[in-house]
Amino acid sequence: MYLYKKVADLQLHLQREKKAYRSIGFVPTMGALHEGHLSLIEAAKAQADVVVCSIFVNPTQFNDTKDLEKYPRDVPADMQELIKVENDVLFVPEVSEVYPAGLDTSLNLDLQGLDEVMEGAFRPGHFDGMTQVVWRLLSIVQPDYLFMGQKDFQQLTIVRRMLTELNSAIELVSCPIRREADGLAMSSRNRRLSPEERSIAPVISQILEQVKEKANDTANLGELSQWASQQLVQAGFRPDYFSIVDGKHLQEVPGMDSADFIVACTAAWLGEIRLIDNLILKP
Ligand code: AMP
């Protein structure tokens with residue numbers, strides 16, 4: 001595996017690959033890699049000739065400085081995992097490489113309200129930072145394919161909108177959520193859960209499954225969301241939201257007939273850790 005820290009060095013490598021007509025697949029991450037991330041690398045390997053993974057904990061997308069400071073970082077361990085799955089190129093830039101002084105990397109997108117609901121309502125500025133870093137990394141790597149997880153469903157929807165708005169030819173590939181055996185969606189933040197919190201955490205996916213079972217027999221999905229929030233509270237979570245939304249526009253829907261694509265999305269705190277998860281109710 002090749003490791004680059006500088007944009008210029010990475011680009012020199014990728015220019016050679018592009019001249020040889022090799023397609024590039026890109027997997028951006030913030031590190032502390034788990035099987036969910038590695039499944040993205042595998043999907044990328046199946047579709048592209050060369051796979052580039054980046055590890056960059058992007059400061060501009062953290063609205064909470066404590067969360068940024070505590071975000072787990074372990075690049076040597078990540079490198080071992082990436083070598084095991086035969087990732088081709090790893091890019092680990094410093095903040096000054098991604099945001100060099102004097103370069104305006106801000107974007108002015110019309111996200112059509114996609115960034116105002118759910119995560120956007122609870123993490124002000126998060127999606128501005130997320131779109132800024134994804135677009136900046138895409139401008140550096142210039143891949144053919146971008147691989148992202150359905151785990152961050154709203155992020156995926158917003159990146160899709162960004163690529164459309166910026167007339168990008170990059171193909172966005174959505175990868176399914178990897179879960180632990182007990183259903184907990186894999187996340188870098190899970191390693192910060194106490195043993196007791198870890199035993200409660202899978203309830204979030206169990207409630208999503210129950211919502212899926214009940215959804216077709218429910219006239220009012222708003223009431224079902226309220227019921228799910230109450231279940232989360234009873235289990236010891238502090239939910240930020242539980243929303244059943246149209247998967248394209250991210251607006252809440254009243255019933256299963258209201259849209260072709262419906263997703264239940266939730267974010268809830270367990271102690272100091274904020275977990276997010278979602279389940280497609282109508283594909
Ligand atoms: P992160 O390092 O959290 O920024 O995540 C990097 C990428 O991995 C994003 O596209 C996430 O959606 C994806 N990802 C994170 N967790 C999972 C998971 N459990 N299953 C599949 N993809 C995931």
Side-chain angles (χ1 to χ4, degrees), residues 36 39 63 111-124 126-127 130 148-161 172 174-187 189-190 193 196-283:
S39 72
N63 51 314
L111 295 174
Q112 302 184 327
L114 295 173
D115 57 334
E116 285 162 20
V117 295
M118 300 195 288
E119 291 300 291
F122 288 91
R123 301 183 67 190
H126 167 67
F127 288 121
M130 184 279 290
M148 298 187 87
Q150 185 214 307
K151 161 85 180 352
D152 299 278
F153 182 75
Q154 189 171 9
Q155 166 171 291
L156 195 68
T157 309
I158 289 176
V159 169
R160 186 172 291 118
R161 165 73 201 154
L172 176 61
S174 161
C175 302
I177 304 177
R178 275 294 174 101
R179 297 180 179 278
E180 303 287 355
D182 59 11
L184 175 63
M186 290 182 182
S187 164
R189 288 186 172 88
N190 292 352
L193 294 168
E196 198 205 338
E197 288 163 353
R198 177 64 190 79
S199 68
I200 299 171
V203 170
I204 219 168
S205 64
Q206 291 160 13
I207 293 172
L208 282 165
E209 287 292 347
Q210 288 173 27
V211 162
K212 187 175 180 177
E213 273 170 34
K214 291 175 188 279
N216 281 318
D217 305 322
T218 307
N220 185 337
L221 293 178
E223 279 175 13
L224 185 57
S225 298
Q226 272 178 13
W227 172 85
S229 284
Q230 283 160 8
Q231 299 298 306
L232 285 169
V233 171
Q234 272 177 24
F237 291 88
R238 298 187 315 280
D240 273 350
Y241 61 86
F242 191 106
S243 303
I244 300 178
V245 298
D246 171 337
K248 282 190 197 140
H249 307 292
L250 305 185
Q251 294 299 315
E252 287 190 300
V253 285
M256 289 297 281
D257 296 334
S258 312
D260 298 333
F261 179 33
I262 297 181
V263 188
C265 302
T266 184
W269 293 84
L270 251 188
E272 294 218 332
I273 313 299
R274 187 171 183 276
L275 300 175
I276 65 168
D277 200 350
N278 66 79
L279 190 66
I280 296 174
L281 305 186
K282 186 173 175 184

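One is the number of the first residue; the rest follow in order along the sequence. Below, each value reflects all heavy atoms present in this structure, side chains not excepted, and no hydrogens, waters or symmetry copies.
Annotation: the span from K151 atom NZ to R178 atom CZ amounts to 14.0 Å, rounded to 0.5 Å. The CZ atom of R123 sits 10.0 Å away from atom CD of Q154, with the distance rounded to the nearest 0.5 Å. For the atom pair CG of N190 and OG of S187, the computed distance is 4.5 Å after rounding to the nearest 0.5 Å. To the nearest 0.5 Å, atom CG of residue L208 and atom CD of residue E213 are 12.0 Å apart. Of the inter-residue distances, the one linking E252 atom CD with M118 atom CE reads 8.5 Å to the nearest 0.5 angstrom. Expressed to the nearest 0.5 Å, how far NZ of K212 lies from CD1 of I262 amounts to 12.0 Å.
The pair E223-K214 fails the salt-bridge criterion, with no side-chain N (NZ, NE, NH1 or NH2) lying under 4.0 Å from an Asp/Glu carboxylate O.
Side-chain contact check for V211 versus L279: every heavy-atom pair is 4.5 Å or farther apart. Contact of the V117 side chain with the V245 side chain is not registered, since no non-hydrogen atoms from C-beta on lie closer than 4.5 Å. Contact check for D246 versus S258: no side-chain heavy atoms found under the 4.5 Å cut-off. L250 has its side chain out of reach of D115: every pair of non-hydrogen atoms, C-beta onward, lies at least 4.5 Å apart.
Contact between F122 and R274 at its shortest, heavy atoms only, is CB-NH2, 3.8 Å. Annotation for R160 and S174: closest pair NH2-CB, 4.3 Å, computed over non-hydrogen atoms. Between A228 and I207, the shortest heavy-atom distance links the atoms CB-CG2, 3.7 Å. Across L232 and I204, no two heavy atoms sit closer than the pair CD2-CG1, 3.8 Å. Between A267 and I276, the shortest heavy-atom distance links the atoms CB-CG2, 3.6 Å. In this structure, F237 and A201 approach most closely via the heavy-atom pair CZ-O, 3.8 Å.
Residue-environment remark: NZ (K248) stays at or below the threshold of 12 foreign heavy atoms within 6.0 Å. Sparse packing is recorded around CD of E196, with 12 or fewer heavy atoms of other residues, nucleotides or ligands lying under 6.0 Å away. Residue Q210 qualifies as enclosed at atom CD: its count of foreign heavy atoms under 6.0 Å is above 12.
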Quiz item: Going through the distances and angles, do Y241 and E119 end up as a side chain to side chain contact (heavy atoms under 4.5 Å, CB included)?
Solution: CA-CA 9 Å; Y241 61 86; E119 291 300 291; 2.5 Å; yes
Self-check item: Test log, rule side chain to side chain contact (heavy atoms under 4.5 Å, CB included), inputs L224 and I244
Solution: CA-CA 9 Å; L224 185 57; I244 300 178; 4.1 Å; yes
Give the table of side-chain donor-acceptor pairs shorter than 3.5 Å for residues 179-186, with sequence neighbours excluded, one pair per line with atom names and distance.
residue, atom, partner, partner atom, Å
R179, NH1, G183, O, 2.9
R179, NH1, D277, OD2, 2.9
R179, NH2, D277, OD1, 2.9
R179, NH2, N278, O, 3.3
D182, OD1, L184, N, 3.3
D182, OD1, R198, NH2, 3.3
D182, OD2, R198, NH1, 3.0
D182, OD2, R198, NH2, 3.1

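Within the structure, every pair that satisfies the ring-ring contact (aromatic ring centres under 6.0 Å, His included) test and touches residues 252-283, not counting sequence neighbours, is listed here: F153-F261.
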